[in-house]
Amino acid sequence: MHHIAIIGSGPAGYYTAEAAQKQWGDDVRVDIFDCLPVPYGLIRTGVAPDHQSIKGVSKRYEAVALSENVRFIGNVMIGRDVSIAELQELYDAVVLATGAPHDKKLGLPGEDLQNVHGSAAFVGWYNGHPQFAALDPDLGGNTAVVIGNGNVALDVARILAKTRAEFAGADIVAHALDMLDTSKLSRIVILGRRGPHQIAMTPKELGELTHLSRACPRVDPADLPAEEEDAFLEPGQRKSVTHLRSFAAIPESHRDDKPIDIEFDFFAAPRAILGESRVEGVEVERTELKDGRAVGTGETYTIPASLVVACIGYQTSPIPGVPFDEAAGRFANDEGRILDGLYCVGWARRGPSGTIGTNRPDGFGVVEKIAEDAASGVIAQGSGGGPAGFDKLAAQRGLKVVEFHDWKKIEEAEVARARDDAPREKFVSVDHMIEAAGKA
Ligand code: NAP
């Protein structure tokens, strides 16, 4: 019997469990740990609340979770309740599928001013992550600056621009919906330090900006490269740039009934966040491209702003004793191997890139490595206590483990208390989740 512990119940974790089932069938026991009492990681707290079809992938993870040989062990924090070393004693292999939950820092003066948020915090706030539920961003000013040209920047800009009615069918949490209702924003500036050809935004997400009821995207035609140059882009990127071209062609008359401008400011690198105690503006330097890199031209200007959300990427949380690649912001690893018996997968392995589906081959890849190491004797097979050994340890420590059937009670309670037009109203505190699971 193979005993595998997976830390993290997001896509990378569940695809790894699925791969382990495919590899060993009934001869494997998998425990998937999560520090929250609820599963699915970024599917629950990262994917935008108005993208419910993407969240539908959790049904696939549920099928894995309900199998006989896979358990969800929620509400257990590795490093606080149980150490990695203890898990390594119990299981043949420990796989870190911990994602990249922390914001990369801008490294700019003023980034700690009030109402400057990283996207992990901001997205976590509107998605009801217990760690960020109390963020309380101030939406009372007229301009927000969203830094970055990736899909998260688009998510944030879109969420800031939508009306309450446009959240019908979404599982945005009530505290965020109520706060967004009070928003006075009329200008959302998306800052890109490079140009339209270098965006990391996908066509579908860009296209959504044209269907917003009170907001309209704006691109300065002067920022667009000559149209012939689009031919050198790969097809997806060409589609994205076609959207930008269509935004540049929107006539002013079309904006009359759209009080919110979503303005793409390209070749614009933030240099400082300005303000006394709260953010009052962003100092920006115009850039030009040299060998694909953004190089400052020396020309600067200030965008007055009362809210800044930096959507510039994420990093993994280091774990004491586990080799970490500081520059890359993820665990130091060789194709998923960190140390004998210790592996990583998904964003914890390769950094925050790709789609949800990218984690599937990742999960299968890491299981292949574990199988190789088991076959060559690098790791022992079934020699630790495995899941039964963990249960003993959890009982000794009095851990309040939330299992999958407990999560289903939480889910049921969230569905029962949902607004009429929403699939669920998430609990945003761990205590309330535990209570709903009947474990208080
Ligand atoms: P991302 O795609 O890596 O984009 C980060 C952006 O931040 C880039 O435009 C980057 O510019 C910019 N940036 C980085 N450091 C900066 C700095 N110091 N100053 C100014 N700009 C800076 O990251 P993300 O948007 O966080 O997305 C993470 C992953 O999740 C991606 O794979 C994304 O596609 C995925 N995702 C997908 C969806 C969806 O499919 N609907 C939704 C959300 C996220 P440079 O290019 O110049 O470095």
Side-chain angles (χ1 to χ4, degrees), residues 10-12 41-57 99-111 116-124 126-127 145-159 170 189-209 236-237 239-240 244 264-273 282-296 303 308-316 327-330 346-359 362:
L42 276 191
I43 300 296
R44 179 176 165 102
T45 59
V47 171
D50 55 347
H51 283 173
Q52 287 298 311
S53 59
I54 299 180
K55 287 179 193 264
V57 72
H102 293 295
D103 285 307
K104 266 191 202 152
K105 297 292 274 181
L106 283 164
L108 297 179
E111 79 173 299
V116 179
H117 307 289
S119 51
F122 197 79
V123 171
Y126 62 63
N127 265 327
V145 171
V146 177
I147 302 174
N149 268 183
N151 277 329
V152 173
L154 273 184
D155 280 349
V156 167
R158 187 183 68 255
I159 297 292
V189 182
I190 303 180
L191 277 193
R193 60 183 173 182
R194 298 193 289 159
H197 274 194
Q198 287 73 38
I199 56 170
M201 297 164 164
T202 42
K204 183 180 154 286
E205 283 65 27
L206 274 165
E208 286 177 78
L209 296 189
Q237 189 74 343
K239 265 195 201 163
S240 292
L244 296 179
F264 287 80
D265 194 355
F266 291 112
F267 306 107
R271 293 297 184 227
I273 312 295
V282 181
E283 186 183 292
V284 180
E285 183 176 8
R286 226 358 116 221
T287 64
E288 56 191 9
L289 278 183
K290 286 210 174 122
D291 300 325
R293 288 189 322 112
V295 178
I303 304 173
V308 170
V309 187
C311 307
I312 60 165
Y314 302 113
Q315 46 193 359
T316 296
R330 53 174 163 70
W347 283 8
R349 176 180 84 80
R350 63 188 154 80
S353 63
T355 61
I356 292 163
T358 315
N359 294 297
D362 252 32

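Order of appearance sets the numbers: ligands from 1, and atoms from 1 within every ligand.
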Tell me, which protein residue and heavy-atom name are nearest [atom], and how many Å apart are they?
atom: atom 9 (O) of ligand 1; answer: N149 N, 2.9 Å
atom: atom 1 (P) of ligand 1; answer: G150 CA, 4.4 Å
atom: atom 22 (C) of ligand 1; answer: I312 CG2, 3.5 Å
atom: atom 27 (O) of ligand 1; answer: V152 CG2, 3.6 Å

[X]: numbered ligand 1 atoms lying under 4.0 Å from its heavy atoms:
X: A200; result: 2 (O)
X: C311; result: 5 (C), 6 (C), 7 (O)
X: P352; result: 28 (C), 29 (C)
X: S353; result: 32 (O)
X: R194; result: 45 (P), 46 (O), 47 (O)

Would you name the heavy atoms of [X] and [Y] that are closest together and state the gap between them?
X: A157; Y: I190; value: CB-CD1, 3.8 Å
X: V123; Y: T45; value: CG1-O, 3.7 Å
X: I312; Y: K105; value: CD1-O, 3.7 Å
X: G292; Y: R194; value: O-NH1, 2.9 Å
X: L108; Y: A272; value: CD1-N, 4.2 Å

I want to know if ligand 1 touches [X] in the polar sense, i.e. an N/O pair below 3.5 angstrom.
X: N151; value: yes
X: T202; value: no
X: R193; value: yes
X: Y314; value: no
X: I54; value: no
X: L106; value: no

Is the contact between [X] and ligand 1 made by the side chain, the backbone, both, or neither, using heavy atoms and a 4.0 Å cut-off?
X: E205; value: side chain
X: I147; value: side chain
X: S119; value: neither
X: I199; value: neither

(request) Flag the pair P49 / I159 as yes when at least one side-chain heavy-atom distance between them is below 4.5 Å, and no otherwise. (result) yes

(request) Quick one: sort the Y126 and F122 rings into parallel, tilted or perpendicular, breaks at 30° and 60°. (result) perpendicular

(message) Looking only at side-chain N and O atoms, does H117 offer a donor or acceptor that is under 3.5 Å from a partner on E111?
(response)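 Checked: E111/H117 side chains show no N/O donor-acceptor pair below 3.5 Å.
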
(message) I'd like to know if E285 and R271 make a salt bridge, using a cut-off of under 4.0 Å between side-chain N and carboxylate O.
(response) yes

(message) Closer than 4.0 angstrom, basic N to acidic O: yes or no for R193 and D265?
(response) no

(message) With a sphere of 6.0 Å drawn around NZ of K55, does it hold more than 12 non-hydrogen atoms of other residues, nucleotides or ligands?
(response)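 For K55, atom NZ is crowded (more than 12 foreign heavy atoms under 6.0 Å).
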
(request) Starting at CD of Q237, measure out to NE2 of H197 and round the result to the nearest 0.5 Å. (result) 8.0 Å

(message) Check contact between D155 and ligand 1, using heavy atoms of the residue and a distance below 4.0 angstrom.
(response) yes

(request) Could you tell me whether atom 3 (O) of ligand 1 has a protein heavy atom closer than 4.0 Å? (result) no

